[in-house]
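Structure first, then comments.
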There are 2 protein chains.
Amino acid sequence: MVSIDEVARLAGLSTATVSRALSGRGYVSAASRERVTIAARQLGYVVSSRASSLASGRTRNVGVVVPFLDRWFFSTVLSGVSSALMRQGYDITLYNITADEAVRKDVFDVALRRQRVDAVIAVAIELDEEETEQLLALDLPVIAIGGPNPRLDTLTVDDFALARLATEHLLALGHTEIAHIGANPEFDIDFHIPTNRRLGFEQALADAGITPKSAYLEPADFTVDGGYRAAKQLLGRPGPRPTAVFAASDEMAIGAVLAARDLGYRVPEDLSVVGIDGHELGEFFRLTTVDQFPLAQGERAADAVLAKLEGTDDAAAHGALPFELIVRGTTARR
Amino acid sequence: MVSIDEVARLAGLSTATVSRALSGRGYVSAASRERVTIAARQLGYVVSSRASSLASGRTRNVGVVVPFLDRWFFSTVLSGVSSALMRQGYDITLYNITADEAVRKDVFDVALRRQRVDAVIAVAIELDEEETEQLLALDLPVIAIGGPNPRLDTLTVDDFALARLATEHLLALGHTEIAHIGANPEFDIDFHIPTNRRLGFEQALADAGITPKSAYLEPADFTVDGGYRAAKQLLGRPGPRPTAVFAASDEMAIGAVLAARDLGYRVPEDLSVVGIDGHELGEFFRLTTVDQFPLAQGERAADAVLAKLEGTDDAAAHGALPFELIVRGTTARR
DNA sequence: CTGAAAGCGCTAACAT
DNA sequence: ATGTTAGCGCTTTCAG
């Protein structure tokens, strides 16, 4: 590995000047800068992040904490984070919180405290008091996607509003018998998204003067299969039958569409289905959805963290995340 | 941040002994080890990776290079890599090679050379001569998944054999009119998987004395939508109609199943469909497939890299990757 | 604008 | 088994 001394020697300057020229910190004459650049390129010199970070305290590396790597939403957010960060010459190190409590604890107790990162992005993690405390104790810029967590800077999408919008779309099409696939009423306090989406759904109904039928509330686990099973129940049970389904995620919505077809119902003629997320398969299934632009969420989180790191206090760090109703082919007038 | 000196002081020992006790390298009496452990825990001390890696040359961090983050196969492999590495206390930093040539170049020219990682895992990247050279020049353990690359240690799944197995399954069920969705004959030299799968398919047919019909070769882009379109062509065109389809990926196979249904064909009664990969949605669609266990591939790559790092030369580094025919509901006797 | 030199926090000889 | 000490390769005062 070629070191800074060699560059200095070749450029005929001190290591201090080389360091300044390469990092852009401090005064360097144009002529010196030029010579350094040439010498560095000629030798193929790359600053050692180990040495540089020990001396400067900066690593040019951001930690990203995610609960899943192999689910579409999270890997899409991650992809957005990664592209925005790499573009600025930052690396990203990944902390995958799994179901394994020991791993989770290790991430907060040890891994994040190794001084390997300049900042942390936490994606859709429900942090408890202690974990929030630990993140704060790192004394590093932290951005959370998801939350909201009052003690952290959070990029939040208003799940209540998303769900209400999706439901209002159904109402506007004349539906009144609308079922909900998602959280069950007594769902945990720990993970808010399903509950918020159910509340937004109920609010929209209430605003339209409709009392939600409990038989129209079908819990499911946010997978295609879960949505499929839930829809089969909803459509197969004797008694009143919904003319529309609001699914709290696109994957469940896709499952619902397939279930309806399997039962012989036409979508959207016999049943309208709307989802939430903006899943990549939505287009293929002609799914009406409320897109929350997860790729952009990741990019925005990266921008926010960069703004904090560079001191340019950016508006991206605050404010609510955008969402948009995308009307495709799975919803129609009743 | 508490430093090693404070731990040493509290334990009444030198920093050298603390370092030895914590890293497990060199002799430390049980009593000293105990006192160090207690002092470290009491102070909440975590070794600074910046300082440690500068002094020792080890970072306990592995670089993972992937071409996509938001595609199921890659994020699943990544998930396997991550869990195996975190279990051993390693961090992982992510290098996402995108379509952007500048980003790709920057990863090999700069990012990987920052001395941030102890080893590299390259997932399904077709490396050119120069990139291979650059990886080798890092002088670090490197494991490639995919390849094969004669100059690198590679974990390879035999795509030819996978495709042949899938095709033989169809043949064994009595099919002779078998179509292929995947690479087109004049596909690039750059990305071998599609081509190898087509060759395996053709070999199986040849072994059964069947000449592949060129009309049964339908190129597609490895997405659900691509598989759907391809199957529609195959089934909708006038002329001979296949009774079975071999799709070179599960996502295309799922598209083919949906296309067949939309055209009014029953699967598997009118059309058998087999895929490759072991996609998470395969179970839902009752898809017959050849599973290549991507999660396990990731874990195995991680194990191989760890073996190289710890010097325990592990068999995991070599040998072919396993695969298995999973017969579910989309294939039947003709 | 540039150079000398003192660390950054740890590890690894080396000595004991 | 433990302590002393010299770096690891940079960055950043501080002088000039």
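Here is the naming used below: chain letters follow the sequence lines, and residue numbers restart at 1 for every chain. Heavy-atom basis, side chains included; hydrogens, waters and symmetry copies ignored.
Not one side-chain nitrogen or oxygen of A/Thr17 sits closer than 4.0 Å to the OP1 or OP2 atom of C/dC1. Side-chain N/O atoms of A/Ser3 include none lying less than 4.0 angstrom from OP1 or OP2 on D/dG9. Taking side-chain N and O atoms only, B/Ser14 has a distance below 4.0 Å to OP1 or OP2 of D/dG3. Listed pair B/Tyr45 / C/dC10 meets the phosphate criterion, a side-chain N or O lying under 4.0 Å from OP1 or OP2.
For B/Arg9 and D/dG3, the CZ to P distance is 14 Å, given to the nearest whole Å. Put simply, CZ on A/Arg113 is 15 Å from C1' on C/dG9, counting in whole angstrom units. A straight line from CZ of B/Arg50 to C1' of C/dT11 spans 17 Å, rounded to a whole angstrom. Taking atom CG of B/Asp5 as the reference point, atom P of D/dT4 lies 13 Å away to the nearest angstrom. One atom, CE of A/Met1, and another, P of D/dC10, lie 10 Å apart when rounded to the nearest Å. Look at CD1 on A/Ile4: it is 5 Å from P on D/dC10, rounded to the nearest Å. Straight-line distance from the CG atom of B/Leu54 to the C1' atom of D/dC8: 4 Å, rounded to whole Å. One interatomic measurement links the two molecules: CD of B/Gln115 to C1' of D/dG9, which rounds to 9 Å at whole-angstrom precision.
Taking CZ of B/Phe73 as the reference point, atom CD of B/Gln297 lies at 4.5 Å (rounded to 0.5 Å). Note that CD1 of B/Ile143 is 7.5 Å distant from CD1 of B/Ile121, once rounded to the nearest 0.5 Å.
No contact: A/Ser53 has no heavy atom under 4.0 Å from any strand.
Scanning both residues, B/Ala8 and B/Ser14, for their nearest heavy atoms gives CB-C, 3.8 Å. What you find for A/Ser75 and A/Leu69 is that their closest heavy atoms are CB-O, 3.4 Å.
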I'd like a list of close polar pairs between nucleotides 12-16 of chain C and the protein, N/O only, cut-off under 3.5 Å.
{"from": "C/dA12", "atom 1": "OP1", "to": "B/Arg58", "atom 2": "NH2", "distance (Å)": "2.5"}

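Comparing the start and finish of the helix from C/dC1-D/dG16 to C/dT16-D/dA1, five pairs each, the helix axis swings through 30°, to the nearest 10 degrees.
With D/dT2, D/dC8, C/dT11 as the choices, the nucleotide that has an atom nearest any side-chain atom of B/Ser32 turns out to be D/dT2.
For the pair A/Arg113 (side chain) and B/Gly44 (backbone), a donor-acceptor distance under 3.5 Å is present.
A salt bridge between B/Asp100 and A/Arg87 is absent, with no side-chain N of the basic residue lying under 4.0 Å from a carboxylate O of the acidic one.
Position along DNA chain D of the nearest nucleotide to B/Arg35 versus A/Ala51 favours B/Arg35 as the more 5'-ward residue.
Listed by first and then second residue, the side-chain hydrogen bond (donor to acceptor under 3.5 Å, both in side chains) pairs involving residues 63-73 of chain B are B/Trp72-B/Thr76 (not counting sequence neighbours).
Of the candidates A/Val117, A/Leu306, A/Val305, A/Thr93, A/Val62 forms a side chain to side chain contact (heavy atoms under 4.5 Å, CB included) with just one, namely A/Val305. Partner of A/Ser19 under the side chain to side chain contact (heavy atoms under 4.5 Å, CB included) criterion, chosen from A/Val28, A/Ile4, A/Val36, A/Val7: A/Ile4.
Of the N and O atoms on the side chains of B/Asn61 and B/Ser49, not one donor lies less than 3.5 Å from an acceptor on the other residue.
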